[in-house]
Amino acid sequence: MLAKPKSEAELLQRAQSLAGFSLGELAQREGFSIPKNLKREKGWGGQLIEWCLGASAGSKPIQDFPELGIELKTIPIDSQGKPLESTYVCITPLCQVTGLTWHSSNVYNKLSRVLWIPILAERQIPVEQRVVATPLLWSPSAAQEQLLREDWEELMDMIAFGQIEQITARHGQVLQLRPKAANNKARTDAIGPNGQIIQTLPRGYYLKTRFTAELLRQHFQL
DNA sequence: GGATGATCATCC
DNA sequence: GGATGATCATCC
């Protein structure tokens with residue numbers, strides 16, 4: 001693995017140097033084996049890019065580059081530059097949520113500064129032929145942060161009031177809550193309708209595609 | 001089980 | 001065709 005980047009500028013420069021390479025070329029260079037598809041290795045591309053950029057956090061619930069305060073996200077796009085998937089942010093706590101605030105949340109922490117690495121990854125393109133595109137170092141605008149905060153506060157309120165089972169992916173303007181588990185039999189503690197502890201499917205926060213499409217568009221087409 | 005990395009597969 | 005709900009690999 002490469003040494004950790006020492007500055008934001010160095011990280012961005014390194015990310016820019018990946019643009020134009022295919023995942024197959026990078027995998028070969030770094031000694032990664034290449035899966036035929038991502039059905040069984042959904043995180044493969046993200047882990048390859050982490051390796052290429054010297055990310056260090058592993059599976060700890062912190063930013064990928066804690067010293068730089070930067071989170072790394074690969075994002076699959078089509079040839080028009082539109083995201084093909086929503087973007088996973090982090091799991092959500094479902095109990096012991098009193099006292100949590102937006103600024104103390106993992107969502108805020110992870111999204112405060114993100115290095116986006118778009119990858120041309122339409123499903124018909126073989127994995128090794130998918131191409132890394134121009135990176136974008138992003139922080140939410142005041143307006144974007146307001147939307148994120150409103151959604152987060154609404155969803156955390158519902159969780160705190162025992163309404164987790166009423167939440168669907170349709171809630172939220174830009175941020176949504178969806179299952180995040182090995183399968184739909186997974187269970188974790190949550191607050192029930194009468195304040196008791198219940199068992200429910202673990203959920204995670206995701207950025208809706210419309211939101212990431214707009215942020216990419218703003219930076220690449222204006 | 002819970003955290004990381006996400007995409008898959010089905011439904012509308 | 002796009003979004004929702006379901007799922008996969010790995011680490012500890």
Side-chain angles (χ1 to χ4, degrees), chain A residues 1 23 26-27 30 32-66 70-97 105-107 109-111 114-128 130 132 151 155 159 164-190 197-214 216:
Chain A
M1 171 170 82
L23 296 184
L26 295 176
E30 302 298 334
F32 276 55
S33 61
I34 303 169
K36 284 214 181 352
N37 58 57
L38 300 184
K39 287 182 187 180
R40 294 196 161 279
E41 294 182 66
K42 299 177 180 178
W44 181 82
Q47 285 156 354
L48 173 62
I49 300 299
E50 278 187 345
W51 178 270
C52 289
L53 295 177
S56 60
S59 62
K60 294 192 284 290
I62 55 172
Q63 293 157 319
D64 293 292
F65 299 95
I70 295 174
E71 172 72 8
L72 176 65
K73 288 287 175 202
T74 58
I75 182 167
I77 58 169
D78 65 17
S79 56
Q80 309 303 309
K82 284 195 61 181
L84 295 166
E85 293 284 350
S86 55
T87 301
Y88 170 67
V89 181
C90 58
I91 60 117
T92 183
L94 293 173
C95 56
Q96 297 172 352
V97 296
S105 71
N106 263 327
V107 176
N109 177 245
K110 292 227 172 184
L111 296 183
V114 179
L115 178 60
W116 296 98
I117 311 282
I119 298 177
L120 180 59
E122 289 160 332
R123 285 200 194 181
Q124 76 272 14
I125 305 176
V127 170
E128 74 269 18
R130 298 181 182 181
V132 179
D151 286 349
L155 292 165
I159 289 169
I164 180 63
E165 302 294 14
Q166 275 67 58
I167 298 176
T168 74
R170 295 166 191 81
H171 283 87
Q173 314 161 86
V174 296
L175 198 60
Q176 63 185 174
L177 217 47
R178 304 220 308 274
K180 176 61 173 169
N183 55 55
N184 71 357
K185 305 290 185 281
R187 287 296 180 266
T188 193
D189 287 351
I197 297 295
I198 62 169
Q199 295 293 298
T200 193
L201 190 55
R203 320 294 166 95
Y205 280 106
Y206 294 76
L207 294 174
K208 294 190 177 187
T209 305
R210 277 194 309 276
F211 181 76
T212 52
E214 177 64 11
L216 291 180

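Below, read A as the first sequence line, B as the second, and so on, with proteins coming before strands; counting in each chain starts at 1.
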Which part of the nucleic acid does A:Ala181 contact within heavy-atom distance under 4.0 Å: base, sugar-phosphate only, or nothing?
base
Near A:Gln199 CD, under 6.0 Å, is it more than 12 heavy atoms from other residues, nucleotides or ligands?
yes
For A:Lys60 and B:dT4, give me the distance from atom NZ to atom C1', rounded to whole Å.
10 Å
Could you give the CH2-to-C1' distance, from A:Trp44 to C:dT7, as a whole number of Å?
20 Å
Measure distances between side-chain N and O atoms of A:Lys180 and base N and O atoms of B:dG5, and say whether any donor-acceptor pair falls under 3.5 Å.
yes
So, does A:Tyr88 use its side chain to make a donor-acceptor pair with the main chain of A:Ile91 at under 3.5 Å?
yes
Hey, is the side chain of A:Asn184 poking within less than 4.0 Å of OP1 or OP2 on C:dT7, counting only N and O atoms?
yes
Salt-bridge criterion met for A:Lys82 and A:Glu122 (N-O under 4.0 Å):
no
Roughly how many Å is it from CD1 in A:Ile62 to P in B:dG5, rounded to a whole number?
10 Å
Using atom CD of A:Glu122 as one end and atom P of C:dG2 as the other, report the distance to the nearest whole Å.
11 Å
Just wondering, are more than 12 heavy atoms of other shown residues or ligands nearer than 6.0 Å to CZ in A:Arg210?
no
Please confirm whether the shortest side-chain N or O distance from A:Thr168 to OP1 or OP2 of C:dT4 is below 4.0 Å.
no
Distance check: side-chain N/O of A:Gln176 vs OP1/OP2 of C:dA3, anything under 4.0 Å?
no
Separation of B:dA6 C1' from A:Tyr206 OH (nearest whole Å)
8 Å
Could you check which of B:dA3, C:dT4, C:dA6 has an atom nearest any side-chain atom of A:Arg170?
C:dT4
N/O donor-acceptor pair, side chain A:Lys39 with base C:dT7, under 3.5 angstrom
no
Please classify the nucleic acid contact of A:Thr87 as base, sugar-phosphate, or nothing, using heavy-atom distances under 4.0 Å.
nothing
Is a donor on one side and an acceptor on the other found under 3.5 Å between the side chain of A:Trp44 and the backbone of A:Asn37?
no
Tell me: CD of A:Glu85 to P of B:dG5, nearest whole Å?
16 Å
Does the B:dA3 base have a donor-acceptor partner in the side chain of A:Tyr88 within less than 3.5 Å?
no
From the list B:dG5, B:dA3, B:dC8, which nucleotide is the closest neighbour of the side chain of A:Lys110?
B:dG5
Just how far, in rounded Å, is P of B:dA3 from CD of A:Gln47?
17 Å
Round to a whole Å and report the spacing from CG of A:Leu207 to P of B:dT7.
13 Å
What's the closest nucleotide to the side chain of A:Lys73 if the choices are C:dG5, B:dT7, B:dA6?
B:dA6
Between A:Arg123 and A:Val89, just flag the one whose closest nucleotide in DNA chain B comes earlier from the 5' side.
A:Val89
Indicate, with a heavy-atom threshold strictly under 4.0 Å, whether A:Gln199 touches base, sugar-phosphate, or nothing.
nothing
From B:dG2, B:dG5, C:dG2, nucleotide with atom closest to A:Thr188 side chain:
B:dG2
Backbone N/O of A:Ala55 and side chain of A:Asp64: donor-acceptor pair under 3.5 Å:
no
Taking any heavy-atom pair under 4.0 Å as a contact, classify A:Gly46: base, sugar-phosphate, or nothing.
sugar-phosphate
Starting at the 5' end of DNA chain C and moving along, which residue's nearest nucleotide shows up first, A:Lys42 or A:Arg210?
A:Arg210
